[in-house]
Amino acid sequence: MGSVLCFSWGWGNAFETVYFESRNEIDAQVIDFIDQKGRATVAESNVPAIELIGVSKSFGPVQANKDIDLVVGKGSIHGIIGENGAGKSTLMSILYGFYHADSGTIKIDDKTTTIPDSKSAIAQGIGMVHQHFMLVDPFTVLENVILGAEGGALLKDGVANARRELKRLADEYDMTIDPDAVVGELPVGLQQRVEILKALYRGADILILDEPTGVLTPSEADHLFRILRVLRDQGKTVLLITHKLREIMDVTDMVSVMRRGEMVASRKTAQTSMEELAELMVGRSVLLEVDKPEVEVGKPLLKVEGLNVRDDRGVMRVKDVSFEVRAGEVLGIAGVSGNGQSELLAALSGITRAESGKMELSGETLDLSAAHNAAEMRTKGMSHVPEDRHRMGLVNKFAEYENSILGYHREPKYSKGMFLNKDAIRKEAKERIEKYDIRPPTTEMTAAKFSGGNQQKIVLAREIECNPDVLLIGQPTRGVDIGAIEYIHNRIMDMRAQGKAVLLVSVELEEIRSLSDRIIVMFDGNVVGERGPEATEQDLGLLMAGVNQEAAE
Amino acid sequence: MLDTIILVLDSTFRLSTPLLFACLAGLFSERSGIVDIGLEGKILGAAFAAAAAAYVFQSPWIGLLAGIMVSVMLALVHGYASISQRGNQVVSGVAINFLAAGLTVLLGQAWFSQGGRTPALSPATRFESLTLPFADTLANVPVLGPIYANLISGHNILVYASFAAVPLTWWIIFRTRFGLRLRAVGENPSAADTAGLSVTLLRYRATIICGILCGFSGAYLSVAQGAGFIKDMSAGKGFIALAALIFAKWKPVNAMFTCLLFGFLDALAIRLQGQEIPGIGEVPVQVFQALPYVLTVVLLAGFIGRAIPPKASGIPYVKERT
C-alpha cells in the first residue's frame, strides 16, 4: 500500500482509499471509495485503519481463514458478511489477539504489527464486542467497565474517575446507563451497551462487533446502528460482522464477503445489492444434476402446526411455523444459517422442548411443548440426520460399528441378553459399508478418522436403513466432497421414490433447489415465503434476506 | 453459668480458628474458579511440616514458615494440575489429600520413629497464649471482666491472626484491583482474558494465597493448639471448611460467623460428651460431630436461600474455542 495506491485528491475534506480486491478470479475489480459527505473528522486520513495481507489460520485440518486480504478505511463502517462458519469470527479473533494467524501480515494505521494477545489489541486501540458478551454478570456496570483498566491497585482510585468518564461517554454517544446496575440483571440490549462502553473506555479507535444484532430486538438494533453512525462520524472505525444482509445495506459504507474461509469480494455498499451479496455469500456451487423422477405424492406424513421455539437465552428462534410434508415429497427449508432452522430441527426431532406447537407424525398428534426425546421420535418412524455430525450425529471416539447403531442400540437384533451382540452389529455395519461405499471399508476405525463425506455416510446409513416414514436431514453435504455429495443426494431421492417424507434443511441454495419439490424460506424464525423448485436464485436470495417481493407486489 | 458459657465460647474461638483459616483459603481459591477439595491435605501437610520444623529448629515461627511452605507447594501441585494442565480439580484435590495423609505418617515414622507422630513440643517451641493488657486487673469487674480476661484475652497469636484475616480478606476481595480481577476470573474467565488479564496468573496467585492460609491452619493445629503432629490430626477440618464456605456463600464475614457456629457446635460436643441432657439422656458425641454437615444441608435447602458459587469454579479455562 502506501503512496502509490493511496492518495488525496487535494480538496480539503475528501477521503479516498483505493480498495484491494481479494484474489478471487470471478470478482477481480478495483473499487475506489470516495466519501461524498466529506466528513471533517476523517479529512486528512487516507491511511487505512486496518490492513490484512494474506492472513491464514487453520484449526487442525480445518482451514478457517485462507489467505485473507482486507483493507478497512479509517472512519468508516465496514461490514464483513458471510454464512456461519465462513471464518468471520476467526478473522476478528485474530485481530483481537484471541487467536494467532498462521501466516500473513497485519497493519494497523499503516504500521505492520503483531497482536499476540487481547492486551496488545487494546493497547493498539482495538475494541471488540463479542457475540457472547464478555461480561461478569454479578458485577456492576462500573466494575465491568474498569476490569483490566482499574487505574490503581485500589479500586477507589479508579472508580470516581471511571464514573466521570462513563458519564461523558454516555452523553457523547447517547448511551445512558446506570453505572451501579448489576450487569446480569440488565436486558441484553443494555449489556451490549456495556460492552461498547468497555471498549470506548479503553480508548478504542477501532470497534469490532461480532454478530451484534443476533440477540437484539429490532428497535434495539436500530438504536445500535444509530450509535455506530455517531461513532463513525466521530472518526472511529467500525467493523461489523454479520450474516444479515439488511444490516449491511442499512449501516455500512463498505462490505467484504467471506465464504468458506476466503474473502471472495469487497464492494462499496452503495454500489451493491442484497441479491449480489446473497449470491456472493452462498456461492455458485457446481450444479449437480440430480435425477428427480415424477413420484406420486401421497398423504401428509408430517404436519407441523404453530411451532414456536425459544432458545436457552430466552430468544424466540422459531415463530409460528406451520407446514406439512407428504409421502414422496422433499420439502426444502432454505435460509441463511442461524434463522431458526437448527431450532426447528431440534424441536421436531424431540431434542429440545418447544414453547408451543403440534406435530402430526404418521397419523399421531404430538404436543411439542411437552417433553419428548429423540428415541421416542425414532420409534414413531422419524429419523434425523443432524446438522452437526460431530456434535450430534457421531461419537468421534467410537469405532465405526459402534456409531452405526447409536440411538438404535436398544433394538433386540443388536442385543444378546443384557450385552451387545457385537458380531451382529459388525456384520450389519459391514453390509452398510458396502452398500453406502464407506471408505476405508473398516468397522474398527474411530469415526474421527473418516473424512467428512464418509462420516456423513455413516450417519445417513444408520438413519435411512431403519426404514423411517419421515426423514429430517440437516445440512446433508456440509463439509462433504463432491463425489459424496452426489451419492448423498441420490440416497435422498431414493427415499422420495419409496414414498417417504423428507424434510431437508440446507443453507446451500443449489442443493435445496435441485432436491426439493417445494421450498419454504425461513428468516428470523418466520417462514417468509414458499416457492417451487423453479424459483430463481435471486428470488430465493431475497427471501433469505427477509424480503418477500411477491408479497410486496 | 456465666463461667460455663465463657468456657464454651472460649473453646469455640480456639476450635474455629483452623476452620476460619481454611475457609478463607478456600474462599480465595474458589473465588478465582479453582475448586479445592485438597484443603484437608494441605492442612495436614502443613501441620506435619510445622511440628517437625518447630521441633528441629526449636521455634514456632520457623514451624509456621515450614508449614506455609509445604502447604504452598501442595497448592502449586494442585495449581499445575488444574490450571496449567486443565485437569479435573476434584481429582487433583483428592489426590493431594491422599498424598498428605500417607506422606506425613511415612516421613514422621522415618524421621522420628514415634509411630508417625512428631516429638512433643515444649511450651517454648509452641505459640503460647497471650495475655492482653489489663486482663488480670480487669478480671474482677463483674460480667465484662471475665469476658475480657478469659474470652478475649488468653489466646495465642494465630487465633487473633485468623480473625484479623477476615476484614483483610474482605478488603482484598472487594476493595482492591486484585480482588476485582480475582472475582472476574472466577465468574467469567473469558471476560478477564478479553480485558487483557492473564487468567492463569490470577488463578495461580489465588492458589498460592490459599496455600499460605492453609499453612496457618495446619501450623495452628500442631504448634499452637496441639503440641506436635498426630496422624490425621486435621480430622476433616478441610471438609468442614468447605461446607462452611458454601454456607457462607463465599463471603468473608459470613465465613467467620459460619466457622464460629461450627466451632461452637464442636465445643458443645466436647462439653456435653458423656453428660446427660435433661429429658433426652446421653447424646452420642457423633450427633454433634455430624451437626455442621446436617446444618449446612438443612439450612441451605430451606432457610438461607440458594448459595450460588462463582460461575466458573471447577471449570478449567480453555482459551481456544474450537
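Chain naming here is simple, since letters A, B, ... match the order of the sequence lines and numbering starts at 1 in each. Basis for what follows: all heavy atoms, side chains included, without hydrogens, waters or symmetry-related copies.
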Legend entry - Region of B:Arg181 in contact with chain A, defined by heavy-atom distances below 4.5 Å: both
Inset, instruction - Could you tell me whether a side-chain N or O of A:Glu387 sits under 3.5 Å from a main-chain N or O of A:Gln475, the two making a donor and an acceptor? - result: no
Legend entry - Point-to-point distance, once rounded to the nearest 0.5 Å, from OG1 of A:Thr90 to CG of A:Leu95: 11.5 Å
Inset, instruction - Find the distance between CE (A:Met92) and CG (A:Asn65) and round it off to the nearest 0.5 Å. - result: 8.5 Å
Inset, instruction - Considering only heavy atoms and a distance below 4.5 Å, find which of B:Asp193, B:Leu197, B:Thr176 pairs most often with chain A. - result: B:Thr176
Legend entry - Qualifying residue, where the test is side-chain contact (heavy atoms from CB on, under 4.5 Å) with A:Val72 and the options are A:Leu239, A:Ile80, A:Ile206: A:Leu239
Legend entry - When A:Asp157, A:Val136, A:Val159, A:Leu147 are compared by non-hydrogen pairs under 4.5 Å with chain B, the top option: A:Leu147
Inset, instruction - Check for a donor-acceptor pair, side chain of B:Ser217 on one end and backbone N or O of B:Leu213 on the other, with a separation under 3.5 Å. - result: no
Legend entry - Per-residue contact mode, A:Leu154 against chain B (heavy atom under 4.5 angstrom): both
Legend entry - Most contacts with chain B, counted as non-hydrogen pairs under 4.5 angstrom, among A:Ser120, A:Gly97, A:Gly127, A:Pro138: A:Pro138
